[in-house]
Amino acid sequence: MLDLRFVRQNAEFVRDALTRRGGEFDLAHFAQLEQTRKSLTERAESLRHLRNTASKRIGEMKRLGADASEAIAEAEAARGELSAANAALESFESEYRNYVLGLPNLPEDDVPDGASEIDNVEIGRVGAPPKFEWTPRDHIELGAKLGLEFERASRLSGSRFALLRGDLARLNRALASFMLDVHVHEHGYEEVNVPVLVRRDTLVGTGQLPKFEHDQFHVAGDEDMFLIPTSEVPLTSLYRDEILDAARLPLKFVAHSLCFRREAGSYGKDTRGMIRMHQFEKVELVQIVAPQDSSEVLETLTRHAEIILERLELPYRRMALCAADLGFSAARTFDLEVWLPSQKRYREISSCSHCRDFQARRMGCRMRIESGAKGMIDFPHTLNGSGVAIGRCLIAVMENFQDADGNIVIPDALRPYMGGAEKLFAKSATKQ
RNA sequence: GGAGAGGUGGCCGAGCGGUUGAAGGCGCUCCCCUGCUAAGGGAGUAUGGGCUAAUCACCUAUCGAGGGUUCGAAUCCCUCCCUCUCCGCCA
């Protein structure tokens, strides 16, 4: 949620910033809403004041044994007006709230301009794409002999599901363990095991709702619950509705979780293979930090994700997303893209975002700056990043580390997690 | 799923229709006294919104959430959410 006081005072700046992301912000409409809100609250509050003072007088008179009928009549008279004013205010407020919750975050000033992902700016590359003396196989072909199954998975669950079997399942697990270990032991994150079902409010807090409900899996039944699209949701929400002692910041969390996405808008996109699944695994990094540290933290958090790719010897590049490609809650985002030999291009494997106070405001996560009586309260900044997506990373390992026979050389960093094995061997067939 | 108990400020805990935004205690902050590691005295100490130069004052809201009764609700009624105990089921 935007700082409405700021929006009020800098409406034109806000309009320009939101326009940059391809959104719209109608100054007149906003001014109108503000005006309405102000007059409706003022009216309701002054009527309430009237009633309160009358009621208080009644109490005093009764205590003194005096006749309170005049005051009672006065209070009764205010009643109808008050309830009308309250009703008007309430119905307006839900409209207003919806509008405000639908406004995305403002891009930071130096986020590049652009109309779509085409305009994202490459910041740098690390590692050279491997050279093959054969036509590199894609992960589907490689996987067919290693335990990656789509047909059986879709029989169980439909399109955009996959099964991993045998060594490939283990490699997948190794990736998750490896990433967690690096982030916990080397980068200082606390490992958290999170719920993957959350309530509506939680998704409002991080920004997926109310606007993007169609992208979420909503559980059928009496419970109003959703499957998380990323563990950013529960991790960032850990301190929802709390006031943190600023001295405790930064908070650094890492989680390995399942993630669920309807992929409603992506029909026909990445339909082959396991690039885009309804269910996937991801190691997610989240930091809750003091505002003055946040810009620097975006860099270090992005580095934490990059280090995973570097340890795995995967070629990648870092992209600065242009304003139009930013997610709803992000003020700035770096994407990491890993080289996929079969596609001869870089594909997103991590997205690291700085949300400033946008999410903290929505979820009421605050911080007390000086402890004690005169403590000032402010919103911390939240950041998140994939560190990294496990399914896509598995694909990248398979494709980049394939040999001429379709086996997979296990990157050194993963060998300790694979019982010391150096290769996954393709089987002639994976019947049964 | 069945039966019961409960949700009050940073924490514990009173209040059960009117001067209670909330006693008391703990914790914390500041001041004083005293001085050798402990103690005593005083003051302060919830959050959102409005207004404002203001983190003063004032108005307004909030005692799990939402509705209702009432001139007036932390207190009475209804619905929901959550926590705990016992039984059942279960990984």
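Letters A, B, ... are given to chains in the order of the sequence lines, protein chains preceding strands, and every chain is numbered from 1.
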Side chain of A/Arg5 - closest among B/G48, B/U70, B/G50:
B/G50
Is any side-chain N of the basic residue among A/Arg165 and A/Glu149 closer than 4.0 Å to the acidic one's carboxylate O?
yes
Could you tell me the separation between the CG atom of A/Leu89 and the P atom of B/G49, rounded to a whole number of Å?
15 Å
Exercise: do A/Asn172 and A/Glu281 side chains pair donor with acceptor under 3.5 Å
yes
Electrostatic pair A/Arg43:A/Glu81 at N-O distance under 4.0 angstrom:
yes
Taking NZ, NE, NH1 and NH2 as the nitrogens, is one of them in A/Arg356 or A/Glu108 under 4.0 Å from a carboxylate oxygen of the other?
yes
Pairwise C1' distance, B/A22 and B/A74 [rounded to whole Å]:
8 Å
Sugar-phosphate only, base, or nothing, as touched by A/Arg200 at under 4.0 Å among non-hydrogen atoms:
nothing
C1' atom, B/U60 versus B/C28: distance in rounded Å?
29 Å
In whole Å, measure the gap between the P atoms of B/A61 and B/U75 for me.
15 Å
Distance between the C1' atoms of B/G4 and B/A57, in whole angstroms?
50 Å
Does B/U60 have OP1 or OP2 sitting under 4.0 Å from an N or O in the side chain of A/His49?
yes
Under 3.5 Å, is there a donor-acceptor pair between the A/Ser351 and A/Asp335 side chains?
yes
Whole-Å distance between B/A53 P and A/Gln9 CD?
11 Å
What's the closest nucleotide to the A/Glu90 side chain, out of B/C71, B/U47, B/G67?
B/G67
Closest to the A/Ile377 side chain: B/U47, B/G72, B/U70?
B/U47
With the side chain of A/Arg79 defined as its heavy atoms from C-beta on, choose the nearest nucleotide among B/G49, B/U70, B/G48.
B/U70
Does the side chain of A/Arg8 get closer than 4.0 angstrom to OP1 or OP2 of B/G50 through an N or O atom?
yes
If you measure from the C1' atom in B/C89 to the same atom in B/G1, how many Å do you get, rounded?
8 Å
Taking 4.0 Å as the cut-off, does a side-chain nitrogen or oxygen of A/Arg57 come that near to OP1 or OP2 on B/G72?
no
Going by the angle between their ring planes, with limits at 30° and 60°, are A/His354 and A/His381 parallel, tilted or perpendicular?
tilted
Specify the residue among A/Ala75 and A/Ser46 whose closest nucleotide of RNA chain B lies further upstream toward the 5′ end.
A/Ser46
Would you measure the distance from the C1' atom in B/C33 across to the matching atom in B/C26 and give it in whole Å?
23 Å
Take atom CE of A/Met367 and atom C1' of B/G10, then tell me their distance rounded to the nearest Å.
17 Å
Short heteroatom pairs, N/O only, protein and nucleotides 61-64 of chain B, under 3.5 Å:
{"residue": "B/A61", "atom": "OP1", "partner": "A/Asn52", "partner atom": "ND2", "Å": "3.4"}
{"residue": "B/A61", "atom": "OP2", "partner": "A/Asn52", "partner atom": "ND2", "Å": "3.4"}

In whole angstroms, the gap separating P of B/G49 from CD of A/Glu34 amounts to 12 Å
What I want to find out is whether A/Arg311 reaches A/Asp412 closely enough, with some N-O distance under 4.0 Å, to be called a salt bridge.
no
Do the side-chain N or O atoms of A/Lys38 get closer than 4.0 angstrom to the phosphate oxygens (OP1, OP2) of B/C51?
yes
Students often get this wrong, so: under 4.0 angstrom with heavy atoms, is A/Glu60 touching a base, only sugar-phosphate, or nothing?
nothing
Does this structure show an ion pair linking A/Glu74 with A/Arg57, if we count only N-O contacts that are shorter than 4.0 Å?
yes
Between A/Glu232 and A/Gln359, do the side chains contain an N or O donor and an N or O acceptor separated by less than 3.5 Å?
yes
How would RNA chain B look in dot-bracket form, 5' to 3', counting Watson-Crick and G-U wobble pairs with both distances under 3.5 Å and writing | for bases paired to another strand?
((((((((.[[[..)..(.....]]]((((((.......))))))(((((.......))))).[[[[[..)....]]]]])))))))....
Using the C1' atoms only, state how far B/C11 lies from B/G67, rounded to an integer number of Å.
31 Å
Gap in Å between the two C1' atoms, one belonging to B/G24 and one to B/G13, rounded:
8 Å
Below 4.0 Å: OP1/OP2 of B/C28 and any side-chain N or O of A/Arg368
no
Rounded off to whole Å, could you give me the CZ-to-P distance for the A/Arg366 and B/U55 pair?
16 Å
Once you round it to whole Å, what is the distance between P of B/C28 and CD1 of A/Ile243?
19 Å
To the nearest angstrom, the CG-P distance between A/Asn86 and B/U60 comes to 13 Å
Identify whether the distance between the nearest side-chain nitrogen and carboxylate oxygen of A/Glu337 and A/Arg347 falls below 4.0 Å.
no
How many whole angstroms separate atom CD of A/Glu93 from atom C1' of B/G66?
15 Å
Residue mapping more 5' on RNA chain B - nearest nucleotide basis, A/Thr53 or A/Arg199
A/Thr53
Interatomic distance, A/His139 atom NE2 to A/Arg392 atom CZ [nearest 0.5 angstrom]
10.5 Å
Which label fits A/His183 and A/His187: parallel for a plane angle under 30°, tilted from 30 to 60°, or perpendicular past 60°?
tilted
